[in-house]
Undergrad: 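Sharing a structure below in structure tokens format, with a few things to ask.
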Amino acid sequence: MERTITSGFRAMRRARQQLDERECLELLEKEPRGVLAVLGDGDYPYAVPLDFLYRDGKLYFHCAREGHKLDALRRCGKASLRGMDEGFLREGEWALNIRSVIVFGRVRLMGHDEKGIEELLRALGNKYNPDPDDVEREVRGALPR
């Protein structure tokens, strides 16, 4: 999903809670997981948690060669991804305070032979796994797929 600032989307109703762009980008760079929402079977929303990488104004994630998510993206490339932090509780309050960002965009499927995909897989692996040898094994195993 490529980062584009567009006025075609609805403004946030509770504007005083809105994060500024820097905070949104920081959250996308730092937080480990998000929820990708696509138009699923029968035109029902389909939302799936996933690991992602934010780099150079784009979001990257991987998927299997087949399945509900991929079928949905092939039918309609429009999607949204919600990233959020762990949140915190203020003393004496019951509601969890969460910082989140919702990104709207179009998903483009990348081929395994596309330039830069090996480096992107490695960067995604390094975000989640501190062991470079494990990451290298995973990249070598995943690259052909």
Undergrad: Quick check for you: to the nearest 0.5 Å, what is the distance between Ile117 atom CD1 and Met110 atom CE?
TA: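 CE of Met110 is found 4.5 Å from CD1 of Ile117.
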Undergrad: What are the two closest heavy atoms between Pro132 and Pro130, and how far apart are they?
TA: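 It is CD-O, 3.2 Å.
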Undergrad: Of the non-hydrogen atoms in Leu28 and Tyr54, which two are nearest, and what is the gap between them?
TA: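 That would be O-CB, 3.6 Å.
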Undergrad: In plain terms, say whether Arg75 and Asp43 are close enough for a salt bridge, that is, a side-chain N and a carboxylate O under 4.0 Å apart.
TA: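 No, this pair does not count.
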Undergrad: Hey, could you give me the CZ/SG distance between Arg106 and Cys76, rounded to the nearest 0.5 Å?
TA: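 Arg106 atom CZ to Cys76 atom SG measures 7.0 Å (nearest 0.5 Å).
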Undergrad: Where is the tightest heavy-atom contact between Leu50 and Leu36, given as atom of each residue plus distance?
TA: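 Smallest heavy-atom distance, with atoms named: CD2-CB, 3.7 Å.
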Undergrad: Please give me the minimum heavy-atom distance between Ala72 and Gly40, naming the atom from each residue.
TA: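 The pair with the smallest heavy-atom distance is CB-CA, 4.2 Å.
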Undergrad: Taking the side chain as C-beta and beyond, is there a heavy-atom pair between Leu81 and Ile102 under 4.5 Å?
TA: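 They are not in contact (no side-chain heavy atoms under 4.5 Å apart), so the answer is no.
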Undergrad: For the residue pair Lys127 and Phe52, would you count it as a cation-pi contact if the rule is NZ or CZ under 6.0 angstrom from the ring centre and within 45 degrees of the ring axis?
TA: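 Yes; both conditions hold, so Lys127 lies above the ring face of Phe52.
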Undergrad: Tell me whether Glu23 contacts the main-chain N or O of Asp20 through its side chain, where contact means a donor paired with an acceptor under 3.5 Å.
TA: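 Yes; judged by distance alone, with no hydrogens or angles, the pair exists.
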Undergrad: Establish whether Ile98 and Val101 are linked, either directly or via other cluster members, by ILVMFWY side-chain heavy-atom contacts under 4.5 Å.
TA: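 The answer is no; the residues belong to distinct hydrophobic clusters.
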Undergrad: Could you give the distance from CZ (Arg108) to CG (Leu73), rounded to the nearest 0.5 Å?
TA: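 If we round to the nearest 0.5 Å, Arg108:CZ and Leu73:CG are 13.0 Å apart.
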Undergrad: Does any part of the side chain of Glu118, heavy atoms only, come nearer than 4.5 Å to the side chain of Arg140, both counted from C-beta?
TA: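 Arg140 vs Glu118: side chains touch.
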Undergrad: Working to the nearest 0.5 angstrom, can you tell me the gap between Leu27 CG and Ser100 OG?
TA: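 Between atom CG of Leu27 and atom OG of Ser100 there are 7.5 Å.
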Undergrad: When rounded to the nearest 0.5 angstrom, what distance separates CG in Leu109 from CZ in Arg74?
TA: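 Taking CG in Leu109 and CZ in Arg74, the distance rounds to 6.0 Å.
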Undergrad: Take atom CZ in Phe88; do more than 12 heavy atoms of anything else shown fall under 6.0 Å from it?
TA: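 Check passes, neighbour count above 12.
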Undergrad: For the CD atom of Glu91 and the CG atom of Leu89, what is their distance to the nearest 0.5 Å?
TA: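 Answer rounded to 0.5 Å: 10.5 Å.
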Undergrad: Is there a path from Leu39 to Val48 through hydrophobic residues (I, L, V, M, F, W, Y) whose side chains come within less than 4.5 Å of each other?
TA: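 No, Leu39 does not connect to Val48 through the hydrophobic network.
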Undergrad: Is the closest side-chain heavy-atom distance between Leu53 and Phe61 below 4.5 Å?
TA: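 No, their side chains stay 4.5 Å or more apart.
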Undergrad: Looking at Leu121, is its backbone amide N or carbonyl O close enough to the side chain of His62 to form a donor-acceptor pair, meaning the two atoms are under 3.5 Å apart?
TA: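 Not confirmed, His62 side chain does not pair with Leu121 backbone.
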Undergrad: Looking at Arg122 and Glu138, is there a salt bridge between them, counting it only when a charged N and a carboxylate O are closer than 4.0 Å?
TA: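 Judged by the 4.0 Å cut-off on N to carboxylate O distance, Glu138 and Arg122 do not form a salt bridge.
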Undergrad: For a quick test of reading the model, state the closest non-hydrogen atom pair linking Val35 to Ala47 and the distance between them.
TA: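 So the minimum-distance heavy-atom pair works out to CG1-CB, 3.7 Å.
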Undergrad: Using the rule given for salt bridge (charged side-chain N to carboxylate O under 4.0 Å, His left out), can you reason through Glu119 versus Arg55, listing the C-alpha separation, both sets of side-chain angles and the distance that settles it, and then say yes or no?
TA: CA-CA 12 Å; Glu119 192 275 326; Arg55 174 177 281 183; 2.7 Å; yes
Undergrad: Does the distance from a Lys or Arg side-chain N to an Asp or Glu carboxylate O, for Arg33 and Glu86, drop under 4.0 Å?
TA: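 Between Glu86 and Arg33 there is no salt bridge, as every charged N stays at least 4.0 Å from the carboxylate O atoms.
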Undergrad: If every non-hydrogen atom of Cys24 is compared with every non-hydrogen atom of Leu19, which pair is closest and at what distance?
TA: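 Closest approach of Cys24 to Leu19, heavy atoms only: SG-CB, 3.8 Å.
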